[in-house]
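Notes to accompany the following structure.
A quick note: this is a predicted structure, and the numbers were derived from the prediction, not measured. Every heavy atom of this structure was used, including side-chain atoms; hydrogens, water molecules and symmetry mates were not. In listed order, ligands and their atoms are each counted from 1.
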Amino acid sequence: RELSCKEQLQSISMEWMSQICQYVVRDLEKYGICVVDNFMGKERAEAIHRSVVSMYHSGVFVEGETVSSSLETTKNVRSDKITWVDGSESNCANIAVLISTIDTIIMNAIRMKGNGQLGQRTIGGRTKAMIACYPGSGSHYVKHVDNPNRDGRCITTTYYVNKDWDAKTVGGLLRIFPQGWANQVVDIEPILDRMVFFWSDRRNPHEVQPAFRTRYAITVWYFDAKEREEARIRHREGAVKEPKSNE
Ligand SMILES: COc1ccc2cc(-c3cnc(C(=O)NCC(=O)O)c(O)c3)ccc2c1
Ligand SMILES: [Mn+2]
């Protein structure tokens with residue numbers, strides 16, 4: 001029987017989905033980092049770009065706060081502006097599709113593993129999506145670890161929405177310094193429709209190099225169920241002032 005157009009599209013997307021999940025499982029377990037291009041397709045990527053730009057100009061972004069209590073001004077550590085969305089906000093329909101696509105990849109990657117784990121982690125929940133804007137003129141984020149103190153976050157997933165980005169002229173590279181890889185670095189250009197997955201803990205110190213053009217990224221952090229529960233218990237006991245991860 002000839003497949004209908006809808007069935008053909010579904011079978012292509014199923015094939016695409018299982019390809020991506022294989023890359024994510026293999027690369028996360030082998031390198032701790034996975035880069036996927038053309039993640040949402042050009043049309044959807046450009047629609048997400050338009051949504052993010054109009055949200056930025058509507059003034060909902062706030063200064064990204066640091067969790068370091070040192071006296072140095074936040075500017076020296078990071079100068080991005082952020083806003084958190086769950087995808088239900090106005091103008092976020094395309095971002096909702098992005099979030100559910102990432103959810104599906106992570107869940108299918110775990111299913112593919114068969115033991116319900118990804119890199120010996122049991123994924124349990126995620127944060128909302130954080131949209132970050134580095135407003136150019138050298139804005140950056142110094143070398144840091146997303147989750148240095150076991151706050152529960154185990155996978156960082158960052159999606160870039162920058163059209164015609166050329167890091168040679170406007171900088172803004174994501175540079176990862178993978179632990180255990182001697183002095184190797186991984187430089188990732190924040191180009192439109194690029195998706196990056198990497199372990200959020202001390203295995204992947206990274207920085208955002210000074211950007212000289214407005215630079216947008218959408219990040220969702222996935223929790224390790226056990227670590228998250230332990231962090232909650234620690235937090236409840238008020239033992240340690242943990243940075244809010246704005247879940
Ligand atoms: C206490 O509340 C908050 C609220 C928001 C926070 C956002 C970050 C963060 C972490 N990493 C990056 C990054 O590495 N981006 C890489 C890239 O864009 O290529 C980034 O842009 C932002 C860290 C701590 C936060 C605490
Ligand atoms: Mn980071």
Side-chain angles (χ1 to χ4, degrees), residues 32-37 39 48-49 52 55-56 60-70 72-86 95 98 102 126-136 138-163 165-167 170-179 185-223 231 235 240-247:
I33 302 167
C34 176
V35 180
V36 178
D37 280 335
F39 189 67
I48 294 173
H49 171 79
V52 167
M55 284 172 75
Y56 187 68
V60 292
F61 283 59
V62 294
E63 299 285 313
E65 68 237 58
T66 47
V67 289
S68 67
S69 53
S70 61
E72 71 188 332
T73 61
T74 310
K75 280 280 164 288
N76 303 338
V77 176
R78 56 185 286 203
S79 31
D80 56 338
K81 296 178 189 295
I82 60 168
T83 188
W84 293 87
V85 299
D86 61 17
I95 295 171
L98 169 69
I102 307 171
R126 60 165 167 79
T127 66
K128 289 184 179 181
M130 179 191 74
I131 310 176
C133 172
Y134 289 80
S139 50
H140 64 286
Y141 196 149
V142 297
K143 189 170 170 181
H144 66 281
V145 169
D146 280 352
N147 173 17
N149 307 317
R150 296 182 64 80
D151 66 24
R153 291 176 290 168
C154 74
I155 304 178
T156 303
T157 69
T158 298
Y159 180 72
Y160 296 109
V161 281
N162 303 300
K163 292 168 79 168
W165 189 273
D166 172 23
V170 295
L173 278 180
L174 166 65
R175 172 166 287 181
I176 307 182
F177 305 78
Q179 197 184 44
V185 294
V186 175
D187 283 348
I188 299 168
E189 291 208 40
I191 62 169
L192 186 78
D193 208 16
R194 172 168 285 176
M195 188 79 217
V196 182
F197 301 80
F198 59 88
W199 299 125
S200 312
D201 59 22
R202 293 170 187 266
R203 284 173 282 183
N204 287 316
H206 55 282
E207 66 188 9
V208 176
Q209 295 190 336
F212 294 93
R213 217 189 98 194
T214 307
R215 176 191 189 279
Y216 295 103
I218 302 172
T219 295
V220 176
W221 281 280
Y222 286 81
F223 291 120
H235 191 73
V240 182
K241 192 84 202 79
E242 302 273 334
K244 234 169 7 73
S245 58
N246 265 1
E247 54 174 332

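- Of all the atoms in ligand 1, the ones that sit under 4.0 Å from a non-hydrogen atom of Ile82 are 4 (C), 5 (C).
- Listed by number with element, the atoms of ligand 1 under 4.0 Å from a non-hydrogen atom of Arg215 are 17 (C), 18 (O), 19 (O).
- Here Ile131 contributes atom CD1 and Tyr56 contributes atom OH; the two are 12.5 Å apart, rounded to the nearest 0.5 Å.
- Remark: ligand 1 atoms within the under-4.0 Å shell around heavy atoms of Val208 are 15 (N), 16 (C), 17 (C), 18 (O), 19 (O).
- Near His206, meaning under 4.0 Å from any of its heavy atoms, are these atoms of ligand 1: 14 (O).
- Interface atoms of ligand 1 facing Tyr160, defined by a heavy-atom separation under 4.0 Å, are 17 (C), 19 (O).
- Between OD1 of Asp146 and NE2 of His144, the angle at the Mn ion (ligand 2) works out to 90°, rounded to 10 degrees.
- With a 4.0 Å heavy-atom cut-off, ligand 1 is reached by no atom of Thr219.
- A donor-acceptor contact shorter than 3.5 Å is absent between the side chain of Asp80 and the backbone of Tyr134.
- The line from CZ of Arg126 to CZ of Phe223 is 10.0 Å long, rounded to the nearest 0.5 Å.
- The shortest N or O to N or O distance between Tyr141 and ligand 1 is not below 3.5 Å.
- Side-chain N or O atoms of Thr158 include none that pairs as donor or acceptor with a backbone N or O of Ile218 at under 3.5 Å.
- Within the 4.0 Å heavy-atom criterion, the part of Asp80 lying near ligand 1 is the side chain and not the backbone.
- Residue Cys154 holds its SG atom at 6.0 Å from CH2 of Trp199, rounded to the nearest 0.5 Å.
- Taking CG of Leu192 as the start and OH of Tyr159 as the end, the distance is 6.0 Å to the nearest 0.5 Å.
- Exactly one residue among Arg175, His144, Lys143 makes a side-chain hydrogen bond (donor to acceptor under 3.5 Å, both in side chains) with His206. That residue is His144.
- Residue Asp146 approaches ligand 1 through these ligand atoms, each under 4.0 Å from one of its heavy atoms: 10 (C), 11 (N).
- Polar contact with ligand 1: present for Tyr134 (N/O pair, distance under 3.5 Å).
- Note that the CD atom of Gln179 and the CZ atom of Arg202 stand 9.0 Å from one another [nearest 0.5 Å].
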